[in-house]
Structures are given as C-alpha cells and as structure tokens.
Amino acid sequence: MNNRPQQSLTRKSLPQQHVPIADALERLRTHRVVPFDVPGHKRGKGNPDLVAFLGQRAMELDVNSMLPLDFLGNPVGVIKEAEELAAAAFGAAAAFFMVGGTTSSVQAMILATVKRGDKILMPRNVHKSALTSLILSGAQPVYIDPGTDSNLGISLGMKVEDVKNAIDKNPDAKAIFLNNPTYYGICSDLQSIVRLAHARNMLVLVDEAHGTHFYFGEGLPMSAMAAGADMAAVSMHKSGGSLTQSSLLLMGKGADPGYVRQIINLTQTTSASYLLMASLDISRRNLALNGKIAFDKVSQLAAYARDEINQMGGYYAFGKELINKNSIFDFDTTKLSVNTLKIGLAGIEVYDILRDDYEIQIEFGDIGNFLAYISLGDAKRDIERLCSSLKDVLRNHGKPTARPAPTNEYIHPQVAITPQEAFYAEKRAVALSDSLGAISGESVMCYPPGIPVLAPGERITKEALDYIAYAREKGCSISGTKDPDVNEILVLK
C-alpha cells in the first residue's frame, strides 16, 4: 500500500537536505564562544573523564539554549525550522521535537485530549505510558478487547466492528487511542477507524512508536498521518536512527498545535539536549532523502531472515500470511517476530541464550515469542549470524514443551475504578499470593514490551496471578510495583 502522496507534495516546498539545528551547533562550535553558562563541564574542559568516554565533539555540542540555538519550549528560530521540516517530511500539519522519549509524546497526546472524567477508548494492550497518562489526566478508559491469536499468544489489531460498537455504547467518549503497529507488527484498519471516529467528533491518537518507517518505505502499512489521524507519537530512535530518547509528536490537520505545545511544556524539560534534537534533525534528513532505499533493504533482510528461520523447523517467523483484513488488517514486514513454543522454550529463554552464549542482543522476548529488530544499520552478515545461532539454540536447547503456556500477551482487565482514583487512594501492601480479588493500586508488567498485566484500578484475578507466576518462572523481568522484587503488591484498603 502506497501512503506517500501527501508527503511527496509537502517535501517539495521545504529543503529536506537542510539541518538547521545541526548547522547552528556547528557554527557555535567553530566560533569558540567562551561559556559562562551551563552545562558546568564547559564544553568538556571540566570533566576530562567524560571527554575520554564520549569524545571531544560530543562534549562541545552539549550546550544550553541561547538565542542562536533557539528554545524548545517556544521555538522561533532553528528549532522551529527543524520542526517544520519534520512535519513536511512526515506529511503532518505540525511536528514537535520530544526529548523525553515516545513516553512523553504519548502522555502529551492524551493530556491534550482528555481530562478528569472524560472517556477514552483504547485497547488494553497499550504501553504503560498510556496508562500513566490516565493517572495524570484522570480520564476514564473504556477498553476494547483486541483479541488474541491463541497459537502465537499475541494480541491482534482493533476490529472495525468492535470500535464501532464501543463508539455506539460510549458516544460521549472524546477520543480513540490505538497501537499501530503493535510490537509484533500487527496493524489495524486505521483509515476506517479514523472515519468512524471523526463521524462522531472523536479524535484519533496513535501510538506509532514502532512505525517511523511507514512514512518513507514502500509496500508498508499506512501511516497514521496518511490515514487522517489527529496525533501520532513516533519513536525516531527506534527504526528512524536517531539517538535514544528522541521522538516526534505529529499533528494532523484537525489538532491545535498551540494548545498541544502548552501541554508538552507542562512536563518536558526546559534543559533540552541539543545532542538529541540534532539527532532528530539529521535523522529526518536521512530518512527524507534516503528512506525509501534504506527501508527496502530492511524489508529484504527481514524476508530473508523469515525464510531461513522457517526452514529450521520448530520456530515460526510469522508475516503477511496472518493478514485477514480484519483483526490483522496489515503486517509490518520489517518486524522479525518469531514464535518459539514448539521448540519447548519461551521467547525470553531464547532471548537470554542468544545474549549469554552467542553475544547477540535481540529486542525482547516474552512467554511465547521474541522480536529481533531489523533496521537501518543491519547487514546480511548480521542476519546470517543470528540464523546460525538460532540453529544452535534449537539443536542444543530445544525440548518438548513441559507445560502449556498462557495464550494471552495481556490479561483482559476487570476495571473497578479509574487508574487515577486507584493510584492516589489509600493502599496497603499484601503478598502477591494473597492478593486475589483485591483492587490493584499499582501496575505489574513484563518489560519489555511494557504492557501491564495489572494496572491501577483493576481487580486482581487468578488469570493475572498465573500469568505473572509463569512469566517469572521463565525469566521475564517483572516490574512496576513499589516492591522491587514484586513479592508484594499495593491494593486498595
């Protein structure tokens, strides 16, 4: 599906080869300005150990806001120009540079859309940043069950009929929030969902953390902006190549960028890193000029890896064959998502073995699957090393499945009260094993991917406790509770 016409038109009007923030930083560096401002390392002179670790150039570019460099909170110069270039490249009406990761982008979208008591429709398999936004805003979630592929143990996309039913039952909802793509590459019929929502005066907010490449590659699922979404949070540091923690918040034509900027400034730092902003600037240029070729290569590498892995037996690297034009409307072919249950290993176990025995770091593993993230910097030799290592894992560690694994990536919640009410309520600590039936006052999640098994305000069920026990047994990292060992959980008194 080609989703680039709008982007092609806007790119003609702005010089995408230009990098205003990076150019301004270079001018400052060559002028040898004497710093009597922060940061206190003074271009590295005050911290030689850090210079040795990061390099002189990085330290010289780690500077404070000033007139020639603009100010992220109210940009009027080079940052404003860089954001306009990003908006043009992504086919958006406006774009904001975010230096708090896509977590901050998701929070800004939700805080700009709903307030205490407002309803927002969303699937339950959202990233924890969406749930923390509910705590901050006081909004009331109305969860739409995305369904699960019981063979793979992964959640699916949003069915259009399920969204329509939720809208009909909650006509007072302010917005719909959805993941597109999911961590595993599953995509919903975003364009149809946008039409449904807009017909009922609801905004559409998209967590597009794993979809930067949709805006530049061809033959990939439709991007949020091309589908007409009102806002989208894009992790440029994931598939876009910028530095970790740098992100974009994109605005559709119906959003109010002035108000959104005010919301962003409630929580975003006033000491924004110019290293992060310059990386967004430079990476945007690279994608605008070279993204089509680069992501075509990524897609080819992922296809090669899928073919090699599926010939091994036991593993299942899934792809477009899952598409049913409903719960799986489309699939992101750059995602190397692999099911492991038929070799008797959890995805997290394969993740650990690859890291510890083969010095291969994949993105994450959960109970039934792992994800190897393929992007701009990968080469065929890297894929071949991964595939040969997976053959070894199968030969040396594969075994009959000892017990059935849970079939859900997430647990369908029993919501008792809003996340904000639960988070700020009076609570007491109880042993996790004794918490059945209580209302959780905090989150419990496997991270990554950061989808809570329990969220504040949800009743603790046997299904949730069984899932946590199984995930812990398989070595998943469990977090979110005040107790760092997750032996206790805070419940409402």
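Residues F214 and F295 keep their aromatic ring centres 6.0 Å or farther apart. A centroid separation of less than 6.0 Å is found between the aromatic rings of F364 and Y184. Aromatic ring centres of F90 and Y215 lie closer together than 6.0 Å.
With a 4.5 Å cut-off on side-chain heavy atoms, F329 and K159 do not count as touching. You'll find the side chain of I478 stays beyond 4.5 Å of the side chain of M445, heavy atoms only. In this structure, the side chains of S443 and P456 come closer than 4.5 Å at one or more pairs of heavy atoms. Using a 4.5 Å heavy-atom threshold, the side chains of S479 and V486 count as separate. Looking at R124 and D145, their side chains never come closer than 4.5 Å, going by heavy atoms from C-beta outward. The side-chain heavy atoms of M231 and T113, taken from C-beta on, include a pair separated by under 4.5 Å. The shortest distance between side-chain heavy atoms of I489 and L454 falls below 4.5 Å. Within the 4.5 Å cutoff, side-chain heavy atoms of L85 are placed close to those of Q16.
Note: T182 OG1 to M158 CE = 12.5 Å, rounded to the nearest 0.5 Å. Rounding to the nearest 0.5 angstrom, the gap separating the CZ atom in F318 from the CG atom in N369 is 5.0 Å. Distance CD1/I264 to OG/S105: 7.5 Å, rounded to 0.5 Å. In this structure, CD1 in I120 is found 12.5 Å from NZ in K115, a value given to the nearest 0.5 Å. To the nearest 0.5 Å, atom NE2 of residue H198 and atom CD1 of residue I193 are 11.5 Å apart. Atom CG of D352 sits about 4.5 Å away from atom CD1 of I348, to the nearest 0.5 Å.
Crowding of F370 atom CZ: a count of heavy atoms from other residues, nucleotides or ligands under 6.0 Å exceeding 12. Counting non-hydrogen atoms of neighbouring residues, nucleotides and ligands closer than 6.0 angstrom, the NZ atom of K119 exceeds 12 such neighbours. Within 6.0 Å of the CZ atom in R355, the count of heavy atoms belonging to other residues, nucleotides or ligands exceeds 12. The number of heavy atoms from other shown groups lying within 6.0 Å of CG (L266) is above 12. The environment of CD in E359 is sparse: at most 12 heavy-atom neighbours from other residues, nucleotides or ligands sit within 6.0 Å.
Residues Q191 and A226 come closest through the heavy atom pair NE2-O, 4.3 Å. When every heavy atom of H127 is checked against every heavy atom of D207, the shortest pair comes out as CB-OD2, 4.0 Å. Taking each heavy atom of M225 and A92 in turn, the nearest pair found is SD-CB, 3.8 Å. Among all heavy-atom pairs drawn from L134 and P141, the shortest one is CD1-CB, 3.6 Å. Closest non-hydrogen pair, D366 versus G368, comes out as OD1-N, 3.0 Å. Residues I328 and L322 come closest through the heavy atom pair CD1-O, 3.5 Å.
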- Task: Start with the C-alpha gap between S239 and H213, add the side-chain angles, then the distance that decides, and say whether side-chain hydrogen bond (donor to acceptor under 3.5 Å, both in side chains) holds.
- Result: CA-CA 6 Å; S239 59; H213 47 294; 2.9 Å; yes
- Quick one: do L287 and L376 satisfy side chain to side chain contact (heavy atoms under 4.5 Å, CB included)? Show the steps, please. CA-CA 10 Å; L287 296 182; L376 304 171; 4.2 Å; yes
- Message: Is there a side chain to side chain contact (heavy atoms under 4.5 Å, CB included) between L336 and Y373? Walk through the geometry before answering.
- Response: CA-CA 6 Å; L336 183 58; Y373 216 98; over 6 Å; no
- Task: Starting from the C-alpha separation in whole Å, work towards a yes-or-no answer on side-chain hydrogen bond (donor to acceptor under 3.5 Å, both in side chains) for D332 and T334.
- Result: CA-CA 6 Å; D332 176 8; T334 72; 2.9 Å; yes
- Task: Evaluate side-chain hydrogen bond (donor to acceptor under 3.5 Å, both in side chains) for T132 paired with Q107, printing each intermediate quantity in order.
- Result: CA-CA 8 Å; T132 59; Q107 290 174 341; 3.1 Å; yes
- Query: Passes side-chain hydrogen bond (donor to acceptor under 3.5 Å, both in side chains), Y351 versus E363? Steps please.
  - Reply: CA-CA 8 Å; Y351 170 99; E363 173 66 11; over 6 Å; no
- Message: Apply salt bridge (charged side-chain N to carboxylate O under 4.0 Å, His left out) to residues E26 and R29 and explain how you reach the verdict.
- Response: CA-CA 5 Å; E26 184 60 20; R29 191 183 69 84; 2.7 Å; yes
- Task: Before giving the answer on side chain to side chain contact (heavy atoms under 4.5 Å, CB included), spell out for V298 and D378 the whole-Å C-alpha distance, their side-chain angles and the decisive distance to 0.1 Å.
- Result: CA-CA 8 Å; V298 170; D378 290 303; over 6 Å; no
- Dump the intermediate steps for side chain to side chain contact (heavy atoms under 4.5 Å, CB included) on V106 and S133, then the final yes or no. CA-CA 8 Å; V106 168; S133 302; 4.3 Å; yes
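The closest donor-acceptor contact from the side chain of D23 to the backbone of P20 lies at 3.5 Å or more, if one exists at all. Without hydrogens or angle criteria, K427 side chain to F423 main chain gives a donor-acceptor distance under 3.5 Å. S283 contributes no side-chain N or O that, together with a main-chain N or O of L280, makes up a donor-acceptor pair within less than 3.5 Å. For the pair T212 (side chain) and S235 (backbone), a donor-acceptor distance under 3.5 Å is present. Remark: side-chain polar atoms of T30 are paired, donor with acceptor, to backbone N or O of R27 under 3.5 angstrom. A donor-acceptor pair under 3.5 Å is formed between the side chain of E421 and the backbone N or O of T418. In this structure a side-chain-to-backbone donor-acceptor pair under 3.5 Å is missing from H31 to V33. A donor-acceptor pair is defined here as one N or O able to donate and one able to accept, closer than 3.5 Å; such a pair exists between the side chain of E442 and the backbone of K482. Judged purely by atom type and a 3.5 angstrom limit, N180 uses its side chain to pair as donor or acceptor with the backbone of S188. At distances below 3.5 Å, not a single donor-acceptor pair connects side-chain atoms of N170 with backbone N or O atoms of A173.
Residue pairs that meet the side chain to side chain donor-acceptor pair (under 3.5 Å) test with at least one member in residues 73-101, sequence neighbours left out, are H18-E81, K80-E84, E83-R261. Applying the salt bridge (Lys or Arg N to Asp or Glu O under 4.0 Å) definition to pairs two or more places apart or across chains, none involves residues 33-48.
Shown here are the side-chain contact (heavy atoms from CB on, under 4.5 Å) partners of D62, two or more places apart in sequence or in another chain: P39, H41, L275. In this structure D256 satisfies the side-chain contact (heavy atoms from CB on, under 4.5 Å) test together with Y259, sequence neighbours excluded. Partners of T333 according to the side-chain contact (heavy atoms from CB on, under 4.5 Å) rule, which considers only residues two or more places apart in sequence or in another chain, are L220, S299, R306, K320, F331. In this structure, the side-chain contact (heavy atoms from CB on, under 4.5 Å) partners of A278, at least two apart in sequence or on a different chain, are I21, L25.
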